[in-house]
Amino acid sequence: MLFRSKFRPFGQFPPQLPAPKPAISSAAAAAADELLIDSSTSKNPVREILTLAKRGNRPLFLPSNRTRVDRQSRGAGKDGNFMDWEVARTRFEDARLARLETCHALAREGRLKEINSVLKQMLHEEGSGSAPSLCELLQNNFRDCDSCSIVWDVLANVYAQLEMIHDALYVLSKMDSLNMQASISTYDSLMYNLRHTDMVWDIYKEIRARGVTHSEYTYNILIDSLCKQQRLQDAISFFQDVHGRKEVKPFIITFNTLMSGLCNAGLVEVAKSILSLILKYGLRPDRYSYTTLIHRLCAAGSMEEALKLFEDMEKDGILLDVVAYNILINGYRLLGLMSEVWKLIKMMIFQGLKPDLVTYTILITGHCEKGDVEEGLRVRREVIARGIQLNIVAYSVLLNALFKKGQIGEVHQLLDEIEAIGLHMDLVAYSILIHGYCKLGEIERALQVCQMMCSKQVMPNSFTHGATLSSLCKKGMLVEARWYLDNLVGSGLMVDIILYNIVIDGYAKIGDVDGALELYEQILKLGLSLTIVTYNTLIFVFCKIEKLTVAEHFLRQIELNGINPTVVTYTTLMDAFVGAGNTDSMLRMFNEMIEKAIMPNVITYSVVMKGLCKQGRLQKAIDILKDMHISGIYADQITYNTLMQGFCEVQNIEMAFRIHDEMLQHNLMPTPVTYNLLINILCLKGKVDCAEKFLDSLLDKGVRLSKFAYTTIVKAQCAKGMPGKAIIFFDRIIRSGFEVSIKDFSAAINRLCKGNFVNEATIFLKMMLYVGIYPDEELCTVICSAFIKKKELQSLFVLQAMIVKSGILAWDIQ
DNA sequence: CTAGGGTTAG
């Protein structure tokens, strides 16, 4: 009982979105029923995701806690036939009893390992939530037998091993009420599986209170648990308490555990000092001690130091194994040095070691990171051809890469493959799906996946929730995002600062200062530590509502709190100053960050350029481009577009096109904005035909253009007295499938009327009515005045009659 | 107890 109170029940997440507006139709209800059966009987969640994805239906929120009896009844009684169900139940009970009988027989002979494996198989089939009924069976059928307590103990132990913590705790509480004592090995298992939570200490206290003697693993598990919970100081103190007087000699494993914890916390130097501590205790560092450190150094990019430790390790007589090679190989992959990766793979083969799945996964990751998913998929085929089966990690890498490229068809193909092999989706794999769907804007599908993983007892963590929250925010669904966040907080689940940052950013993007500040207050109340991201986001929202003094004040506040501003902090402020036309303040900020040795990035430079262009200091802007090349920061499309816009504003057509050429020389694909700028400048300079030819040449090359490029040309044709061409060209826009709006028509008609091309304006009006758009009051006025000016009273009356008849101005005329 | 996969800010 002690344990149950603290443990939170499963199945609270995901919170369901506020009910989707349309009521669930009867067809959907039928589908829901079908799904219900799917989710409770199917062993493969991937199948369900695919089914959902292919069906493309609305979210159907499934109840996740189906009881066992319910499951049995659905499986057995086809037509709800009572007898069928009764027969099936009896058979099922008989099979369970037979197995428990076997366990007791084995217990009488002391064959613990075999009990363990029988129960493991059994509980795996039973699933979580099965403890109450199994306990009942044990209690009713095996009460007076000597071997009972052994079976009960192994039962609790196996539940713990299978991470069915609820069930393990249930068995323990039952044992307690029956006056049976669990073994230290069972407590160890339980603590190991609860090492990420505070509950280990409750169990440890329980062990002490009951006078159970600790095992050789007990302390190690506790130290590991403290490390896993980032309580390093406590871990070290506990180590000293237990091992300080050297009465209980620590394992080398315990030292390694500590080193691993320190490394994960980024305290590599402290971890290194453990090496000498090991010697002081009369032990020798082993393979794990070295590889733990080396791994950390590789992850931090310190390959040289890592290589040096490898030499030390070899001097100690420890040969490189596959794991050690993989760590090194991954180190080079992280640095993007794929040639070194290949060298090492050849080297390990030369030494008689076989690259394993991890090696290949690193290779696949490397290819995918370069954007070459095809090559990643090729390696996958090669691996399979060598008789190695990919695991969920390798598939995750590929899934993630495919989502990033938007190759959703291939994603589904891989999911099919995962299903066919029978691999289990894990937390990361599910998170990739959720994030992927979110990025595609398919939030409902993402929520379905979330729901599904919950029903499979794979609980979403902060990353998973972050993906959902950020896409809700990106879609501007702040009410839903806030509601989701509040639910997370309300259910007492771990909510970290990142989740708050995401939603604050959501508010910031829509300029909702109050929403952002409300969450800021909440963070303070909860006692979470604010990060620089939080501050950057708050600075951004004040910039957004043009309160630059407040924003800059915030910067000073940050510094007073001892937090270092980053390149993002400064770039945000600089961009706002440029937007407010205050280039001097922008430059002041730029100089300030340089003084603080904060490295500008490509965005910072682009902002500086934008400011300089605004002041007309174009030569200076070009100089910035040169500065960037020198500091090894590559200009991107936006940088070039910014510069190009500067030259377009002074109508320097030649420079605009030279910048375009330079983009191509640097292998940068111009964006729609680039083309819009160029087409616009051609039109402004009266070279409308030239603009049209340029547009055609782009289309020939297969470039996709935005509607703006087309309407720019139409506007120019109208303004420059080419009404006939404008009509033909506008027709082309409609035929190309663009959605035209009243604004596009008004822009053309206004310009035509201004140039007295009243007949052509009328043709536009007819086109407009033809596609089902009606003129507004303003546009009617423009056309009527044009008729009056040209004294075309006949047309005027026709138009007025039409206006009255169509009821466009009905509300005005009364 | 060591290796490979997912995340937030301009």
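Just so it is clear, the values below take in all heavy atoms, side chains as well, and ignore hydrogens, waters and symmetry mates. Below, chains carry the letters A, B, ... as their sequence lines are ordered, and counting in each starts from 1. Because the structure is a prediction, the values reported are computed rather than measured.
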Below 30° counts as parallel, above 60° as perpendicular, anything between as tilted: where do the rings of A:W342 and A:H367 land? tilted
Base, sugar-phosphate or nothing for A:T572? Non-hydrogen atoms, less than 4.0 Å. sugar-phosphate
Once you apply a heavy-atom cut-off of 4.0 Å, does A:Y500 come out as touching a base, just sugar-phosphate, or nothing? nothing
Give A:T464 one of three labels, base, sugar-phosphate or nothing, depending on what nucleic acid heavy atoms sit under 4.0 Å from its own. base
Bounds of contact between DNA chain B and chain A, in 5' to 3' order, using a heavy-atom cut-off under 4.0 Å: B:dC1 to B:dG10
For a quick check of understanding: with a heavy-atom distance under 4.0 Å over all strands, which category does A:I432 fall into, base, sugar-phosphate or nothing? sugar-phosphate
Students often get this wrong, so: under 4.0 angstrom with heavy atoms, is A:V397 touching a base, only sugar-phosphate, or nothing? sugar-phosphate
For A:N330, answer base if it contacts any base atom (sugar-phosphate contacts may also be present), sugar-phosphate if it contacts only those atoms, and nothing otherwise; contact means non-hydrogen atoms under 4.0 Å. sugar-phosphate
Across the strands shown, which category fits A:N391 at heavy-atom distances under 4.0 angstrom: base, sugar-phosphate, nothing? base
Quick check, are the ring centers of A:Y484 and A:H465 under 6.0 angstrom apart? yes
Looking at every strand, decide which applies to A:L363 at a 4.0 Å heavy-atom threshold: base, sugar-phosphate, or nothing. nothing
Could you check if a side-chain atom of A:I539 sits within less than 4.5 angstrom of a side-chain atom of A:I558, using non-hydrogen atoms only? yes
Report which part of the nucleic acid A:I327 touches: base, sugar-phosphate, or nothing (heavy-atom distance under 4.0 Å, all strands). sugar-phosphate
Salt bridge or not for A:K596 and A:E592, using N-O below 4.0 Å? yes
Got a sec, which residues hit side chain to side chain contact (heavy atoms under 4.5 Å, CB included) with A:D426, two or more places apart in sequence or on another chain? A:I392, A:V428, A:A429
What about A:F310 and A:Y290, are their ring centers closer than 6.0 Å? no
Base, sugar-phosphate, or nothing: which does A:A324 touch, judged by heavy atoms less than 4.0 Å apart? nothing
Report which part of the nucleic acid A:D321 touches: base, sugar-phosphate, or nothing (heavy-atom distance under 4.0 Å, all strands). nothing
With sequence neighbours left out, write down each residue that passes salt bridge (charged side-chain N to carboxylate O under 4.0 Å, His left out) with A:D372, or none if nothing qualifies. none
Over all strands shown, is A:D426 touching base, sugar-phosphate only, or nothing at heavy-atom distances under 4.0 angstrom? base
Give A:K509 one of three labels, base, sugar-phosphate or nothing, depending on what nucleic acid heavy atoms sit under 4.0 Å from its own. sugar-phosphate
So A:I504, base contact, sugar-phosphate only, or nothing? Heavy-atom distance under 4.0 Å. nothing
